[in-house]
Each structure stands twice: as C-alpha cells, then as structure tokens.
Protein chains: 2
Amino acid sequence: MGSDSNHLADLSVVKSVSLTSALEKELERLILTGELEPGERINEIHLSNRFGTSRGPIREATRSLEAKGLVEVVRNRGVFVRRLSVEDAVEIYDVRAALFGQAGRLLAERMTDGLLGQLTRMVDEMDAVAERGSFDDYYPLNLSFHNLIVGSCGNRTLQAEYHRFVNKLHLFRARALVQGGGLAVSNREHRAMLEALASGDGDRAQMTHWRHVALAKRRLIAAVDGAASRID
Amino acid sequence: MGSDSNHLADLSVVKSVSLTSALEKELERLILTGELEPGERINEIHLSNRFGTSRGPIREATRSLEAKGLVEVVRNRGVFVRRLSVEDAVEIYDVRAALFGQAGRLLAERMTDGLLGQLTRMVDEMDAVAERGSFDDYYPLNLSFHNLIVGSCGNRTLQAEYHRFVNKLHLFRARALVQGGGLAVSNREHRAMLEALASGDGDRAQMTHWRHVALAKRRLIAAVDGAASRID
DNA sequence: CGATTCCTGATTGTCTACAATCGACGGATG
DNA sequence: CATCCGTCGATTGTAGACAATCAGGAATCG
C-alpha cells in the first residue's frame, strides 16, 4: 500500500491540482479497483495520516464521491463505500441501457467510414478471442468497443453520465456472474449493433444498443438466480 | 433575503441533519429558483456570515453540488453557478429523452387501471388548459404529469437521475423559449404516450416518451434559432 | 449466565487561524 | 495615452484544535 501514497504525492507536486481533487481521484481509484471494498469504512484520520494531509480536503472529497454515488456519508458514523444489492445493480443496468441506446442513435446519425472500419475490426477480434473462450482477453476488448461507441457519439454529457454508471457497477462485486450467456452470444449482439450503425438508422441503432445492455441485465439476473439455487 | 437564513435556521434545529447537508439543500434551492444566477460567484465568507456557520461545511456542500453539475469549482478563484450554453442544454435534452423513454417502457410493463385513469385525467385537464392558451396553468400540470410517469416506473435510480437532469435544465435561463410549438401540440404527444402506456407495449412506450422529449428539444433549438434571427 | 447500563477511547463535525493566490487599482514608464 | 509592474485587500485552501457523538468493552444487576 505504500506505493499508493506515492501516487498522491506525484499528483500534488503538480500545483495546478488542489489536494481535494487529488484525494478524490485517488479515493475513486481505490474504490474502483476494489482496494476499498463495498461496505468498508473510510477513516478520515487514517487517510490523513497516510496521505500526509489534514482532514478537511478528505471530507470535501468524500462529499463529492457521495454525490457520485460511490460512497454513503452517515452523520456521526462515517463514510462507507457503497454496497450494491442485486436490485440496485438491475436499476443501474436499466439506466445504462437507456444511455447506451441513445449513444447508439447519436452515433448512427454521424457515422464515418473510418470509425465503422475500426469498430468492425474490434468485433472481428472479439470473435477470434471468443472462439478461444478467453474471458480475460475478451473483457478489455468489449470495454474498449463500448467506450469507443459512447466516446464517439458527440454528446459529452451523455458520455460522462454513462461512465459514471459503469463506474458504479464496479461496486457490484459479482464480475464472475457477468460471463453468463457466453462470449459468442455477446458478440453476435455486437454485430447487430454494427449493422445498425452502418445503416445510419437511428431508431434501429438505439434499439440494438439498448437491447444489448438489456440482455446483459437478463443474463446477470439469470446468473444471480442460478448462483442462489446452487447455494440452496 | 433575510427570510432565507431563517430557512436554514429551521433546518439546523432538527439535529439529525448536518450543517453541510442543510447548506447544500439551501444552496441548491437558491440556484434552482434563480436567486443565485448562472455565472454568479458563491462567496464563502459572505455565505458563512449570512448563515452563521464556518466556511468548512460550505466548502463541503459546494463540492457535492459540483459533482451534481450545478456549480463549477475553479481552484483559487471560487465557486460559480454553472452557466449552460445552448449546446449544453441540447446534450442534456438527449440524456433526458433517453431516461424518459426508459421510464415509459418500465411503466408500460407495470401499468395499473388506477394509474392509467389518473394520467388520463391529467391529460384531459391539460387539453382544457391548452384551449385557453394559458401557459402558466399548463406548465405545472405538464410537470406533474411527467413526474408521475417517472415516479411510477419503479426504478429509483432512474427517477433520481431524471430529476438531476431536469434540475440542471433550470440553469438554462430561457424558459420562455420552451413554449414553442404550442400547448396543443405538446398534449397530443402526451396522448400518444398514454395510448402506448395503455397498450402495455414497452417498445412503443419507450419510443413515444423518447420522442416527446426529442421533439421538445427540436422546438427549443428552433426557438433559439428564431430568437437569434430576431436579434440580427 | 445473560441482559442491561455505564464509561471511555476513537472518530466525526465544526470552528478558527494562517498561508497562498488572485484580481483590481494606482503609479511609473515609454 | 497605452502598457506594464507592484502593492494590497479579499478570498480561497489547508492545518490544527475543540466539542459532540457513537460503538465497543467492562461492570453491574436480575
């Protein structure tokens, strides 16, 4: 853990960034990587000792993280990394589906040959990886594919919002459950999205993109039910 | 303005609310009502004098408001109520359309006779008000109608998010421009939404709800262009 | 022995003070 | 007259101190 405080020290050397902002970024990183786990309490004094700052900026940072939905601030008790229930995760998937669908629509209406080629190569590569059944290789490609779509839709507000929700899903500690349905199924949905994007049809793109996330939600629910049955 | 500090005093009497939380609520109210105007600087010392608190809780509150997109914190310069450009507003409308569409879909899939009756009465009432051409009477009804839909969709995350974006649009000081297209046109779109909700068809409901906000966006753009032409 | 109460240490919430930064204004210079 | 530089007051960013609150452990009671 010692290297982490070095991380913050590097940031504060650049004096254009306030301590509060640097702390917020670092805390967010600790949360998203799982070093601070859901339900875990964020102790101001420990953190201030660890980072060599006073408690003020830490308090400011945690207020911001609360508004972003990554922590919960309980008066007189402390700040806790937010714990997501299955119900929470399902709700977040619905929001994410809506945003991703809208990103698909916006992108279909402004698609270029270059971008379409890039996206196509990514889907081809995911096909190859899926054949090998390698989730660890597939996941980052899948992430890049989604990020390129959202990042190219031309709406920064939508992009920022989408990523906030994707970040929040990091709190749902059930990544192994997300494999449900198989990689080939997931990439077939990517192909349908691609075709819709190529067609320039906004309605169709919105529907295929929305459906991809909605089906992922369903796979999650099925996996959770399956896991619960296995426990019983 | 003196009555506003009484507002905060009332809140702090109830000791279950921290000063920071009370200040955040009050600042948000001041921003959303327009008492603190877009671009205006929030002066910590003035506010701490006004509310009889130290600056610490004010700083914490403004960090949260920043994450909610209502203010911008500029290091060493201060906190400014966020100013929305037309482009910002258009981006927000797109996000709002996506969320509203999703709310429509979710509601269509869980509609009850009682709720449908309630929504129908509201649309009928809006018809009557629209005939009189009374925007001031129409607007709150319209707001209630939208809120009932989103509030009944069964997804709290979506609801909270939708309202965050509606709040942000308060920063766009061009409410007079939102009248474009006429009240009767707007309420015809409400009827299409109603029919879709009654049919229980999620696809159809999502599309009609999405379209309603998307058309409102178009009307806004047209009104902005019209206003610009009139200036030239 | 289990349940209840009390005490104390740890932590949080807020305040005050100090240092750093910025912008406005006035004076000097070309 | 325009531009540049220096000064100063206002404000922001942060640290440290003090008071309030809570949870856990120990003591007491039934």
Side-chain angles (χ1 to χ4, degrees), chain A residues 5 7-28 30-31 36-37 39-67 70-83, chain B residues 5 7-28 30-31 36-37 39-67 70-83:
Chain A
S5 50
H7 210 83
L8 181 60
D10 289 343
L11 288 179
S12 9
V13 164
V14 185
K15 271 304 181 190
S16 59
V17 178
S18 68
L19 265 187
T20 296
S21 297
L23 283 167
E24 185 184 337
K25 271 187 168 33
E26 181 62 10
L27 282 176
E28 186 166 332
L30 292 173
I31 290 168
L36 287 177
E37 301 202 328
E40 187 169 346
R41 181 172 173 168
I42 291 172
N43 183 309
E44 297 175 3
I45 297 181
H46 289 176
L47 281 185
S48 70
N49 289 338
R50 175 174 168 177
F51 295 128
T53 71
S54 72
R55 294 194 290 118
I58 289 167
R59 297 184 57 80
E60 287 179 27
T62 54
R63 284 293 178 172
S64 183
L65 291 175
E66 182 191 30
L70 293 179
V71 302
E72 302 182 56
V73 176
V74 183
R75 176 169 162 81
N76 287 329
R77 292 195 44 220
V79 180
F80 301 84
V81 180
R82 188 171 164 209
R83 211 194 298 261
Chain B
S5 50
H7 211 83
L8 181 60
D10 289 342
L11 289 178
S12 358
V13 165
V14 185
K15 270 304 177 189
S16 59
V17 178
S18 67
L19 265 188
T20 296
S21 297
L23 283 167
E24 185 183 337
K25 271 191 169 32
E26 181 62 10
L27 282 175
E28 186 166 331
L30 291 174
I31 290 168
L36 287 176
E37 302 201 327
E40 188 170 342
R41 180 172 172 167
I42 292 173
N43 183 309
E44 296 175 6
I45 297 181
H46 289 175
L47 281 185
S48 70
N49 289 337
R50 174 174 169 177
F51 294 129
T53 70
S54 72
R55 293 193 292 117
I58 289 168
R59 296 184 58 81
E60 287 179 31
T62 54
R63 285 293 177 172
S64 182
L65 291 175
E66 182 188 32
L70 293 179
V71 301
E72 301 183 57
V73 176
V74 183
R75 177 169 162 83
N76 286 329
R77 292 195 42 223
V79 180
F80 301 84
V81 180
R82 187 169 164 208
R83 212 194 297 261

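Atom set for the values below is all heavy atoms of this structure, side chains included, hydrogens, waters and symmetry mates excluded. Residue numbering restarts at 1 for every chain, and letters A, B, ... go by the order of the sequence lines.
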Polar atoms only, N or O, under 3.5 Å: list the protein pairs with nucleotides 22-25 of chain D and their distances.
{"residue": "D:dA23", "atom": "OP1", "partner": "A:Arg77", "partner atom": "NE", "Å": "2.9"}

Report summary line: Separation of D:dA17 atom P from A:Ile45 atom CD1, nearest Å, is 13 Å
Query raised in the report: Roughly how many Å is it from CD in B:Glu24 to P in C:dT14, rounded to a whole number?
Result: 13 Å
Query raised in the report: Expressed in angstrom and rounded to an integer, what is the separation of A:Leu47 atom CG from C:dT11 atom P?
Result: 11 Å
Query raised in the report: How long is the gap from CG on B:Leu30 to NZ on B:Lys25, to the nearest 0.5 Å?
Result: 13.5 Å
Query - Nucleotide D:dT14, atom P - distance to CG of A:Asn49 in whole Å - result: 17 Å
Query raised in the report: Counting just side-chain N and O atoms, does A:Thr20 come under 4.0 Å of either OP1 or OP2 of D:dT14?
Result: yes
Report summary line: A:Arg83 meets the side-chain contact (heavy atoms from CB on, under 4.5 Å) criterion, sequence neighbours left out, with A:Pro38
Requested in this report: Only counting residues at least two apart or in another chain, list the ones meeting salt bridge (charged side-chain N to carboxylate O under 4.0 Å, His left out) with B:Glu44.
Outcome: B:Arg55, B:Arg59
Could you list all N or O pairs between the protein and nucleotides 16-18 of chain C that sit under 3.5 Å apart?
{"residue": "C:dA17", "atom": "N6", "partner": "B:Arg55", "partner atom": "NH2", "Å": "3.4"}

Query raised in the report: Quick one: B:Leu19 CG to D:dT21 P, roughly how many Å, whole number?
Result: 12 Å
Query raised in the report: What's the closest nucleotide to the A:Arg59 side chain, out of C:dT12, D:dT14, C:dC15?
Result: C:dT12
Report task. Go through the structure and list residues passing side-chain hydrogen bond (donor to acceptor under 3.5 Å, both in side chains) with B:Ser21, not counting sequence neighbours. Result -> B:Ser18
Requested in this report: Go through the structure and list residues passing side-chain hydrogen bond (donor to acceptor under 3.5 Å, both in side chains) with B:Glu66, not counting sequence neighbours.
Outcome: none
Query raised in the report: Taking the nucleotide of DNA chain D with the closest heavy atom to each, which residue, B:Glu44 or A:Gly52, is nearer the 5' end?
Result: B:Glu44
Query raised in the report: If you measure from CD on A:Glu60 to CG on A:Leu19, what distance do you get to the nearest 0.5 Å?
Result: 10.0 Å
Report task. For A:Asn49, enumerate each residue passing the side-chain contact (heavy atoms from CB on, under 4.5 Å) test, keeping only those at least two apart in sequence or located in another chain. Result -> A:Ile45
Query - Given C:dT11, D:dT14, C:dT14, the nucleotide with the shortest approach to the side chain of B:Glu60 - result: C:dT14
Report task. Tell me whether the OP1 or OP2 atom of D:dT11 has a side-chain N or O from B:His46 closer than 4.0 Å. Result -> yes
Query - All side-chain hydrogen bond (donor to acceptor under 3.5 Å, both in side chains) counterparts of A:Ser64, not counting sequence neighbours - result: A:Glu24
Report summary line: A:Thr62 meets the side-chain hydrogen bond (donor to acceptor under 3.5 Å, both in side chains) criterion, sequence neighbours left out, with none
Query raised in the report: Expressed in angstrom and rounded to an integer, what is the separation of A:Phe51 atom CZ from D:dT14 atom C1'?
Result: 17 Å
Requested in this report: May I ask you to say what A:Ile42 touches in the nucleic acid, namely base, sugar-phosphate or nothing, with a heavy-atom cut-off under 4.0 Å?
Outcome: sugar-phosphate
